[in-house]
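First the structure, in the form of structure tokens, and then the observations on it.
Quick note: numbers below take in every heavy atom, side chains included, and nothing from hydrogens, waters or symmetry partners.
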Amino acid sequence: MFDMNKVYPWIKSVASDGETQYITAFAQNGQEGRRFPIGEDFPWHVFGEDVGVFYVFDTGEQFTMALYSMLPEGMTEDELYEIACDNLWNDVEFRIQRGNYGGWGVICGGNFEASSILLLNVMNTIGEQYGGDFYFAVPSRDMMVTAAADNEEQLKGLEQIIDNIMKHGESPISRTIFKWENTKHG
């Protein structure tokens with residue numbers, strides 16, 4: 001049995017061929033690489049067009065992808081999601097920092113920046129920085145970057161970061177740009 005206090009949400013790239021869904025790995029040049037069939041053993045759900053929420057256990061030495069067989073009997077994916085997000089919020093220190101392109105990003109040590117998109121506290125804090133809606137992307141595991149919804153220069157900077165990560169970065173996830181509609185503004 002794995003320690004449920006050490007389970008966290010993990011954002012991964014996903015793809016589908018119509019019948020089978022896959023975790024997608026990217027090559028260093030940004031081209032889609034290997035596909036690993038997800039199967040029915042993994043608890044997960046779709047977040048967006050090409051991104052899914054999976055779960056990992058921190059064993060102290062590595063992160064191990066969670067399987068249903070590792071969970072307490074009867075635990076639902078909704079319960080797992082809530083526990084994992086609570087653990088993420090309680091165990092990881094998130095810092096919101098301005099990027100050199102003018103937008104805001106999240107820094108937290110290299111493993112969970114992409115997962116920060118699941119935390120309302122983090123997303124609302126960024127929305128407060130912009131004073132409204134914003135775009136965000138998770139081009140790699142260790143990156144969550146944003147741009148104000150009404151700032152073309154920041155959006156171009158965000159697109160350049162995504163292109164650069166896809167061509168040269170480690171652990172690329174997605175080219176997709178999502179929109180956050182900030183509920184805390186007029």
Side-chain angles (χ1 to χ4, degrees), residues 1-28 30-92 94 105-106 108-124 126 135-146 162 165-166 169-181:
M1 177 68 81
F2 284 81
D3 183 356
M4 293 307 295
N5 293 315
K6 293 296 179 185
V7 65
Y8 302 96
W10 197 263
I11 302 295
K12 301 285 269 176
S13 178
V14 294
S16 175
D17 65 9
E19 294 179 23
T20 304
Q21 292 182 303
Y22 300 90
I23 296 173
T24 305
F26 286 90
Q28 196 86 33
Q31 298 299 311
E32 188 175 304
R34 294 187 57 194
R35 288 183 166 193
F36 302 92
I38 295 170
E40 296 179 10
D41 296 332
F42 292 97
W44 76 285
H45 68 270
V46 172
F47 178 85
E49 182 177 316
D50 63 346
V51 176
V53 179
F54 294 81
Y55 302 91
V56 294
F57 285 100
D58 183 354
T59 66
E61 295 178 16
Q62 66 183 14
F63 292 105
T64 300
M65 290 283 287
L67 300 170
Y68 278 113
S69 62
M70 298 172 171
L71 305 178
E73 190 172 327
M75 177 175 274
T76 67
E77 202 272 335
D78 287 341
E79 292 168 330
L80 175 61
Y81 179 83
E82 186 174 322
I83 289 169
C85 286
D86 284 347
N87 291 343
L88 184 64
W89 178 249
N90 292 325
D91 295 349
V92 178
F94 293 94
V106 173
C108 67
N111 289 314
F112 293 109
E113 282 82 353
S115 297
S116 70
I117 64 176
L118 305 174
L119 301 176
L120 290 176
N121 294 349
V122 170
M123 299 302 276
N124 284 332
I126 293 170
Y135 293 104
F136 67 96
V138 288
S140 67
R141 175 183 76 206
D142 64 349
M143 187 170 285
M144 194 282 254
V145 289
T146 68
I162 294 167
I165 291 297
M166 285 295 161
E170 293 182 28
S171 304
I173 293 178
S174 173
R175 292 183 180 278
T176 301
I177 296 176
F178 301 95
K179 185 172 184 181
W180 178 264
E181 294 182 358

Legend entry - Under the side-chain contact (heavy atoms from CB on, under 4.5 Å) test, residues paired with Asn90 that sit two or more places apart: Asp86
Legend entry - Phe63 CZ to Lys6 NZ distance, which is reported to the nearest 0.5 Å: 9.5 Å
Legend entry - Side chain to side chain, Phe94 and Asn121, heavy atoms closer than 4.5 Å: no
Legend entry - Validation row: Phe57, Leu71 side chains within 4.5 angstrom (heavy atoms): yes
Legend entry - Interatomic spacing from CG in Asn111 to CZ in Arg141 - rounded to 0.5 Å: 5.0 Å
Inset, instruction - Hey, could you give me the CD/CZ distance between Glu49 and Arg175, rounded to the nearest 0.5 Å? - result: 13.0 Å
Inset, instruction - Kindly give the heavy-atom pair with the smallest separation between Pro9 and Leu118, and that separation in Å. - result: CB-CD1, 3.4 Å
Legend entry - Heavy-atom side-chain proximity of Ile11 to Met144 below 4.5 angstrom: no
Legend entry - Spacing of CD1 belonging to Ile162 relative to CD1 belonging to Ile177, to within rounding of 0.5 Å: 4.0 Å
Inset, instruction - Give, for atom CG of Leu119 and atom SG of Cys108, the distance between the pair rounded to the nearest 0.5 Å. - result: 9.0 Å
Legend entry - Backbone N/O of Asp50 and side chain of Ser174: donor-acceptor pair under 3.5 Å: no
Inset, instruction - Using atom types as modelled and distance alone, determine if a side-chain donor or acceptor of Asn87 lies under 3.5 Å from a backbone N or O of Val7. - result: yes
Inset, instruction - Please report the C-alpha distance between Val106 and Ile126 in whole Å, then the side-chain angles of each, then the deciding distance to 0.1 Å, and finally whether the side-chain contact (heavy atoms from CB on, under 4.5 Å) criterion is met. - result: CA-CA 9 Å; Val106 173; Ile126 293 170; 3.9 Å; yes
Inset, instruction - Determine whether Phe42 and Leu67 make a side-chain contact, defined as any pair of heavy atoms from C-beta on separated by less than 4.5 Å. - result: yes
Legend entry - Least distance between heavy atoms, Ile173 atom then Ala114 atom: CD1-CB, 3.9 Å
Legend entry - Nearest atoms (heavy-atom pairs only) where Ser140 meets Ile165: CB-CG2, 3.8 Å
With a 3.5 Å cut-off and sequence neighbours excluded, list the donor-acceptor pairs that the side chains of residues 78-85 form with protein atoms.
unit_1, atom_1, unit_2, atom_2, d
Glu79, OE1, Thr76, N, 2.9
Glu79, OE1, Thr76, OG1, 3.4

Legend entry - Heavy-atom closest contact (Pro139 atom, Met143 atom, distance): CG-SD, 3.7 Å
Inset, instruction - Rounded to the nearest 0.5 Å, what's the gap from CH2 on Trp180 to CG on Leu120? Could you check? - result: 5.0 Å
Legend entry - Closest non-hydrogen atom pair, Pro43 against Asp41: CD-O, 3.6 Å
Inset, instruction - Indicate the ring-plane relationship of Phe47 and Phe136, choosing parallel, tilted or perpendicular according to the 30° and 60° boundaries. - result: perpendicular
Legend entry - Trp10 ring center near Phe54 ring center (under 6.0 Å): no
Inset, instruction - Would you check if the side chain of Ser16 reaches a backbone N or O of Gln21 as a donor-acceptor pair within less than 3.5 Å? - result: no
Inset, instruction - Determine the interplanar angle of the Phe112 and Tyr8 rings, folded into 0 to 90°, and report it as parallel if under 30°, tilted if 30 to 60°, perpendicular if over 60°. - result: tilted
Inset, instruction - Only counting residues at least two apart or in another chain, list the ones meeting side-chain contact (heavy atoms from CB on, under 4.5 Å) with Gln62. - result: Thr59, Thr64
Legend entry - Shortest non-hydrogen contact between Gly105 and Thr146, atoms and distance: N-OG1, 4.5 Å
